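Quick note: numbers below take in every heavy atom, side chains included, and nothing from hydrogens, waters or symmetry partners. Please read all numbers here as calculations on a predicted model, not as lab measurements.
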Amino acid sequence: MKQCELTCFAKQLSSSPFRNRFRQGKLHRVIINILFLLSIASFVILLGTFINYHVRKFLISEEDYSYLPPLHQLSPPPPPPPPWSHYSYVLCNFAFSSSSSSSSSSSSTSLHPTFNSSQLNSHWTAPDLEDAWHSMTDEELMWRASMVPNIVKYPYTRKTKVAFMFLSRGKLPLAPLWEKFFQGHKGLFSIYIHTSPEFIDEATGNSVFYKRRIPSKPVEWGMATMIDAERRLLANALLDFSNERFVLLSETCIPLFNFTTIYNYLVNSNQSFIGSFDDPRFTGRGRYNKHMWPTVSLEEWRKGSQWFEVNRKLAVEIVSDGKYYPVFKEHCNPPCYMDEHYFPTLVNIISPGLNSNRSITWVDWSRGGSHPTTYVRNDVSVALLNQIRQGFNCTYKGGVTSICFLFGRKFHPSTLHPLLGIAPALLGFDGQ
């Protein structure tokens, strides 16, 4: 009986199902053993990493840091930034002196800002013939131009300058007349030119207009791009801290007096010159868009000439404006023209006391139409210039004066030769 049972058990062992179950069980145990060994290995690695980190941390905390150099042995400052950044970042461009002796007193271990008056002056002011070009974006430019020193007293000898900002399509056809106007007054003026981007011609090296073009963008008449260009000119001129007065001109503008007269008229004024008035007609209040409310109300809405002159305080306010400009850009579109409403309305809201509410650039609208009169060669005469120069009365510094317009437009390129024949004697270019 027992022999029969053993025989049956042997047959079961040799049967296929039993062999399969045996092999599967063996494979299962092998897999479990492998996973167990991998888990142990991972634990050992993690434990080693943990111990290594804390041992290193303990050792480093006990190290002696005496090998670090003292403050007075710090490496020299990095190279100076590009020229355009000097105007806004001179406070950051200090040169730190270092001690030449290792046995110097403890005072030598501190950082001492040293100033060179001539270098500081060059940081804050732009030489007349320095390249006005730069690589800043409009956002960077406006931000840097909006900086205002909190200390009123300047750390250098500041000579007040007038910034002449030309908004032009291309070249300045009346440049020879302006050359005579500026002659002999270096250091009292700065020039900035905004042209169409495709215009790449450059003035000759001995010209006051040499390398005075600023990075420009396309401009459309009556559109927001016109205001963008004017703000761009202001911002570039504000980078020079010696510029105190800012005049916007076109390629068709001429001076009506010599440099000394215009310079004194502007720098001695306590007001800016932006035409700003309440026009009840359709071409005035009729252009107001009710969607501007409540940022701009109808009572605050003003109209005026595109050609302005502002002092430094107001110029900073204009380039810093982030409240009113977006509203005008969105809601003042033709027949609303931003160049006739933005600046007049803005100054009326933020600083009405700083403005004379009149322009100092003569423009003849007597013939009607959407554009003023353009004077050609045969129109130029001594009588015409004298009428513009002294044919009006206005208020200046609390009194009445007959000098109301310092510049005139629109003068065609054909007027250059007769102007060159009349202007030197009439305007005093020869004896200024």
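No more than 12 heavy atoms of other residues, nucleotides or ligands sit less than 6.0 Å from atom CH2 of Trp293. Within a 6.0 Å sphere centred on NZ of Lys410, heavy atoms belonging to other residues, nucleotides or ligands number more than 12. For Glu202, the CD atom sits in a packed shell: over 12 heavy atoms of surrounding residues, nucleotides or ligands are nearer than 6.0 Å. Environment of CD1 in Ile200: sparse, with no more than 12 heavy atoms of neighbouring residues, nucleotides or ligands closer than 6.0 Å.
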For this session: Assess whether ring pair (Phe, Tyr, Trp, His ring centres under 6.0 Å) is satisfied between Trp178 and Phe166, documenting all intermediate values.
Result: CA-CA 11 Å; Trp178 285 101; Phe166 289 88; 5.3 Å; yes
Exercise. Does the ring pair (Phe, Tyr, Trp, His ring centres under 6.0 Å) test come out yes or no for Phe182 and Phe164, once each step is laid out?
Worked result: CA-CA 11 Å; Phe182 289 118; Phe164 292 82; 5.0 Å; yes
For this session: Just do the side chain to side chain contact (heavy atoms under 4.5 Å, CB included) check on Lys303 and Phe277 with the steps written out, would you?
Result: CA-CA 6 Å; Lys303 182 181 179 180; Phe277 62 96; 4.2 Å; yes
For this session: List the steps, then state whether side chain to side chain contact (heavy atoms under 4.5 Å, CB included) holds for Leu427 with Phe257.
Result: CA-CA 5 Å; Leu427 308 185; Phe257 295 90; 5.8 Å; no
Exercise. Under the side chain to side chain contact (heavy atoms under 4.5 Å, CB included) criterion, do Val219 and Ser196 qualify, and how do the steps go?
Worked result: CA-CA 7 Å; Val219 174; Ser196 298; over 6 Å; no
Problem set entry | Test log, rule side chain to side chain contact (heavy atoms under 4.5 Å, CB included), inputs Leu385 and Leu419 | CA-CA 10 Å; Leu385 296 182; Leu419 284 172; 4.2 Å; yes
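A distance-only check finds no donor-acceptor pair linking the side chain of Gln387 to the backbone of Leu384 [under 3.5 Å]. Of the possible donor and acceptor atoms, none in the side chain of Tyr325 sits under 3.5 Å from a partner among the backbone N and O of Val319. Judged by distance alone, with hydrogens and angles left aside, the side-chain atoms of Asn268 form a donor-acceptor pair with the main-chain N or O of Asn264 at under 3.5 Å. Without hydrogens or angle criteria, Ser146 side chain to Trp143 main chain gives a donor-acceptor distance under 3.5 Å. Without hydrogens or angle criteria, Ser351 side chain to Val347 main chain gives no donor-acceptor distance under 3.5 Å. Side-chain atoms of Ser269 come within 3.5 Å of backbone atoms of Gln271 as a donor-acceptor pair (strictly under, hydrogens ignored).
Pairing each heavy atom of Asp364 with each of Ser366, the nearest pair is OD1-OG, 2.6 Å. Counting all heavy atoms, side chain and backbone alike, Leu238 lies closest to Ala145 at CD1-O, 3.8 Å. The two residues Met226 and Asp339 have their closest heavy-atom pair at CG-CB, 4.0 Å. Nearest heavy atoms, Pro173 versus Leu416: O-CD2, 3.6 Å. Taking each heavy atom of Lys329 and Ala224 in turn, the nearest pair found is CG-CB, 3.9 Å. Scanning both residues, Tyr324 and Asp321, for their nearest heavy atoms gives N-OD1, 2.9 Å.
In this model, no donor atom of one side chain and acceptor atom of the other lie less than 3.5 Å apart for Tyr263 and Asn258. Side chains of Asp131 and Tyr210: no donor on one and acceptor on the other come within 3.5 Å. Using modelled atom types, one finds no donor on one side chain facing an acceptor on the other under 3.5 Å when comparing Ser272 with Asn355. A donor-acceptor contact closer than 3.5 angstrom is absent between the side chains of Lys161 and Ser242. Using modelled atom types, one finds a donor on one side chain and an acceptor on the other under 3.5 Å when comparing Ser297 with Glu300.
From Leu346, atom CG reaches atom CD1 of Ile318 across 6.0 Å, with rounding to the nearest 0.5 Å. With rounding to the nearest 0.5 Å, the separation of CD1 in Ile360 from CD1 in Ile403 is 12.0 Å. From Thr361, atom OG1 reaches atom CZ of Phe308 across 10.0 Å, with rounding to the nearest 0.5 Å. Of the inter-residue distances, the one linking Phe328 atom CZ with Tyr337 atom OH reads 15.5 Å to the nearest 0.5 angstrom. Here the CD1 atom belonging to Ile193 is positioned 9.5 Å from the OG atom belonging to Ser216, to the nearest 0.5 angstrom. Distance check: Leu249 CG to Leu167 CG gives 10.0 Å after rounding to the nearest 0.5 Å.
A cation-pi arrangement is absent between Arg358 and Phe273 under the rule of less than 6.0 angstrom and at most 45 degrees off the ring axis. The side-chain tip of Arg389 does not point at the ring of Phe405 from less than 6.0 angstrom away and within 45° of straight on. Relative to the ring axis of Phe241, Arg312 places its NZ or CZ within 45° and under 6.0 Å from the centre. Remark: Arg285 fails to qualify as a cation-pi partner of Tyr288 under the 6.0 Å distance and 45° angle criteria applied to the six-membered ring.
Between Met165 and His194 there is no side-chain heavy-atom pair separated by less than 4.5 Å. Thr160 is not listed as a side-chain neighbour of Asn243, based on a closest heavy-atom distance of 4.5 Å or more. The shortest distance between side-chain heavy atoms of Glu340 and Arg287 falls below 4.5 Å. Contact check for Val310 versus Leu234: side-chain heavy atoms found under the 4.5 Å cut-off. A heavy-atom distance below 4.5 Å is found between the side chains of Leu177 and Ile254. Annotation: side chain of Asn348 is in contact with side chain of Ser276 (closest heavy-atom distance under 4.5 Å). Side-chain atoms of Thr374 and Thr252, non-hydrogen and from C-beta on, never get closer than 4.5 Å to each other. The shortest side-chain heavy-atom distance between Leu406 and Leu256 does not fall under the 4.5 Å cut-off.
For Arg245 and Glu309, the salt-bridge test passes: some basic side-chain N is under 4.0 Å from an acidic carboxylate O. Comment: Glu251 engages Arg169 in a salt bridge, judged by a side-chain N to carboxylate O separation of less than 4.0 angstrom. Taking a cutoff of 4.0 Å between a charged side-chain nitrogen and a carboxylate oxygen, Lys217 and Asp228 do not qualify as a salt bridge. By the 4.0 Å N-to-carboxylate-O rule, Arg302 lies too far from Asp279 to be salt-bridged with it.
Of the options Arg409, His371, Gln306, a side chain to side chain contact (heavy atoms under 4.5 Å, CB included) to Val363 is made by Arg409 and by none of the others.
Checked against disulfide (SG to SG under 2.5 Å), Cys332 has the following partners two or more places apart in sequence or in another chain: Cys336.
Note: Phe407 and Trp307 fail the aromatic proximity criterion, with ring centroids not under 6.0 Å apart.
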